[in-house]
Amino acid sequence: MSNNNSLPRYGNFINNNWQDAVSGEVLTLKNPSDGSDLALIARGTQSDIDLAVASARKALSGEWGKMTATERGRVLHRMSEAVLKKIDLLAELEAKDVGKPITQARADVVALARYLEFYGASADKVHGDTLPYQNGFTVLSVYEPLGVTGHIIPWNYPMQIIGRSLGAALAMGNAAVVKPAEEACLTILEFGRIAQEAGLPAGALNIVTGLGLEAGAALSGHAGINHISFTGSLRTGEAVQAAAAKHAVPVTLELGGKSPQIVFADADLERALPFLVNAGIQNAGQTCSASSRILVQRAVYETVVAQMAERYRALKVGSALSDPSVGPVVSDRQKAIVDGFIELAQKDGLTIAAQGQMADGTPENGAYVLPTLVRDVPADHPLAQQEIFGPVQVIMPFDTEEEAIALANGTDFGLVCGIWTNDGARQLRMAHAVQSGQVFINNYGAGGGVELPFGGVKRSGHGREKGFEALYGFASLKTISLYHG
Ligand code: NAD
């Protein structure tokens, strides 16, 4: 990092070296809390990705590739501890870069450290099998690293997503090339420095910043990678999968959602209420597993609307470092998208049940959106169908269990679902009936649970990250058949 025009300037991190983009060009990151310039990052392109992929390939036959699984685990543990030591720096950077309230940013640092701890401990516990076969044979299956893994990361949870994706890839012995988002990536760059200081060998982790259409497209279409893990929007995920298909490179897609929470009349409403609201407004609603649809059985519908509305009216929107209930969204562009949905609701005559309010002293140039609860939204309306990615929730009534299932499954997505009922048989009937990668009964885990496999069905993606399951996704299973007579 060096200073230029008084802004911090970050290069790409390749082979444990910091270097400017081959083109010499830079991009400017903004602080969404006040619109000010925050830092300069390298505008990486194909040439930088080529260097990073070559560096990763070299690492596989060098110090990194020669490490035992136990040694890899120890390096990840050291990285975990080093991350926690830098919690103040990382949390402040994430708050400024993403606009995330500082308490949530601190929680993300802890989550990053926890991913590294979890995957460090799992590195030497991935074992294969012996398989029954014909007499005279012994057959083994062993898990091997895939090779060079590409990781394309969005801006909403840079630290959490690099933790879950890179942690598992490194634990399995892969060498990685990471392309963070051009809107927010400073903590990922700082993480490169932390990893190096903690002893991660050169080339095991390479970071190239830049635009999606340049650095991102170069990585996803690169012939030298063996796997790509993409987290981001549906549209970009489709482009990444198509690019990777040209070289038959396997892809994990972690895409968007329109995740419902379904509240039955017998639910413990007092317990449910904080989850109903928080899962929609956490990180200003910019969470893939945000609960953006609240489906409520008619007998308690008006009660839940009234109680959620009361909580919405108490929400304060402010700058990330003032630690408000809701910070800005990541950019003016994102603000325009979210405001557009609220305007559409008004234009179509939908009823806004409640909105939050701006905190006193909030800077004028920030990308702020008022948290908004919209009621009685028709199931086919864009607000009930499309991922808004802002602090906007819709609330809709239903009568029967069948109707709840139809509503819950009635979008293109299937990432997370919350079910609130005290009827045990219904809990399991519903859990089986909903099309969703994760189901939470009488709780809701937007982003929580390092140990819990995570991923979508339908247009929310395919493949699983998090938990032990992710390790298999970053591995290749080899079958060894030995004839000994
Ligand atoms: P995005 O798709 O615009 O960008 C994601 C990443 O892809 C960025 O690094 C971007 O530079 C890169 N990119 C853009 N165009 C590309 C291209 N043509 N080729 C290769 N890479 C390209 O997504 P976003 O707006 O940054 O993130 C928000 C989306 O991410 C939401 O849809 C959200 O639901 C999703 N998300 C999903 C999860 C999950 O785990 N399922 C987690 C977080 C976010």
Side-chain angles (χ1 to χ4, degrees), residues 27 29 41 43-46 49 97-98 100 108 111 150-165 177-185 188 207-222 225 228-246 249 251-259 282-292 329-331 333-334 337-338 386-390 411-416 436-438 445-449 452-467 470 473:
L27 300 167
L29 293 187
I41 57 167
R43 181 171 173 175
T45 57
Q46 181 76 51
I49 293 289
D97 203 7
V98 180
K100 189 170 297 211
D108 284 6
H151 305 255
I152 299 181
I153 313 269
W155 43 260
N156 58 344
Y157 286 87
M159 280 190 289
Q160 289 226 26
I161 294 172
I162 198 171
R164 80 179 191 204
S165 178
V177 178
V178 174
K179 207 306 270 173
E182 53 270 45
E183 293 88 349
C185 56
I188 289 184
I207 306 168
V208 177
T209 56
L211 300 174
L213 283 173
E214 296 176 356
L219 182 57
S220 53
H222 206 287
I225 60 169
I228 191 138
S229 160
F230 172 80
T231 307
S233 62
L234 169 59
R235 217 178 56 176
T236 309
E238 288 170 351
V240 165
Q241 182 158 325
K246 291 208 176 104
V249 168
V251 178
T252 300
L253 291 184
E254 294 281 7
L255 308 177
K258 193 73 188 171
S259 299
Q282 176 186 319
N283 199 28
Q286 303 161 115
T287 304
C288 54
S289 49
S291 179
S292 47
V329 293
V330 74
S331 61
R333 188 175 149 262
Q334 191 66 17
I337 293 171
V338 181
Q386 295 175 21
E387 186 182 46
I388 298 173
F389 229 54
T411 73
D412 289 342
F413 298 104
L415 196 53
V416 172
S436 183
Q438 284 195 321
L452 313 182
F454 180 78
V457 299
K458 304 200 292 188
R459 297 291 186 273
S460 289
H462 51 72
R464 290 292 176 266
E465 293 200 338
K466 301 174 72 163

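Atoms within a ligand are numbered from 1 in the order they appear, just like the ligands themselves.
Under a 4.0 angstrom heavy-atom cut-off, Trp155 registers as being in contact with ligand 1. Judged by the shortest distance from any of its heavy atoms, Pro180 lies inside the 4.0 Å radius around the atoms of ligand 1.
Below 4.0 Å from some heavy atom of Lys179 lie the following atoms of ligand 1, by number and element: 9 (O), 10 (C), 11 (O). Every atom of ligand 1 with a heavy atom of Ile161 under 4.0 Å away is listed here by number and element: 42 (C), 43 (C). Close approach of ligand 1 to Pro154 (heavy-atom distance below 4.0 Å) involves ligand atoms 26 (O), 27 (O), 43 (C), 44 (C). Counting atoms of ligand 1 from 1 in the listed order, those under 4.0 Å from a heavy atom of Asn156 are 43 (C), 44 (C). Interface of Arg164 with ligand 1, defined as ligand atoms under 4.0 Å from a residue heavy atom, comprises 39 (C), 40 (O).
Counting only heavy atoms of the protein, atom 22 (C) of ligand 1 lies nearest to Thr236 CG2, 3.3 Å. For atom 28 (C) of ligand 1, the closest non-hydrogen atom of the protein is Phe389 CE2, 3.4 Å. The nearest heavy-atom contact from the protein to atom 18 (N) of ligand 1 is Leu213 CD2, 3.7 Å. Closest to atom 21 (N) of ligand 1, if we only count protein heavy atoms, is Gly216 CA, 3.5 Å. The single protein non-hydrogen atom nearest to atom 17 (C) of ligand 1 is Gly212 O, 3.4 Å, given as residue, atom name and distance.
For a threshold of 3.5 Å applied to N or O pairs, the pair formed by Gly232 and ligand 1 contains at least one separation below that value. Considering backbone and side-chain N/O atoms, Glu182 comes within less than 3.5 Å of an N/O atom of ligand 1. Residue Ile153 has at least one N or O atom closer than 3.5 Å to an N or O atom of ligand 1. Considering backbone and side-chain atoms alike, Ser460 places every N or O at 3.5 Å or more from each N or O of ligand 1. Of the polar atoms of Thr231, none of the N or O atoms is found under 3.5 Å from an N or O of ligand 1, judged by distance alone. Residue Thr287 places no N or O, backbone or side chain, under 3.5 Å from any N or O of ligand 1. Checked against a 3.5 angstrom limit, the closest N/O atoms of Phe454 and ligand 1 fall outside it.
At least one test fails for Lys179 against the ring of Phe230: distance under 6.0 Å to the centre or angle within 45° of the axis.
Within 6.0 Å of CZ on Arg459 lie no more than 12 heavy atoms contributed by other residues, nucleotides or ligands.
Neither the backbone nor the side chain of Glu214 has any atom closer than 4.0 Å to an atom of ligand 1 (non-hydrogen atoms only). Heavy atoms of Leu234 found under 4.0 angstrom from ligand 1: none, in either backbone or side chain. Only the side chain of Val240 comes within contact range of ligand 1, with a heavy atom under 4.0 Å; no backbone atom does. Contact annotation: for Glu387 versus ligand 1, heavy atoms closer than 4.0 Å belong to the side chain alone.
With hydrogens and angles left out, the side-chain atoms of Ser229 and Glu465 include a donor and acceptor closer than 3.5 Å.
Here the side chains of Leu27 and Arg43 are in contact, with some heavy-atom distance below 4.5 Å.
Taking NE2 from His462 and CG from Leu255, the interatomic distance works out to 7.5 Å, rounded to the nearest 0.5 Å. Here the CD1 atom belonging to Ile152 is positioned 5.0 Å from the CG atom belonging to Leu219, to the nearest 0.5 angstrom.
Under the 4.0 angstrom criterion, atom 25 (O) of ligand 1 counts as having a protein heavy-atom contact.
Using a distance-only test at 3.5 Å, with no hydrogens or angles considered, a donor-acceptor pair links the side chain of Asp97 to the main chain of Cys185.
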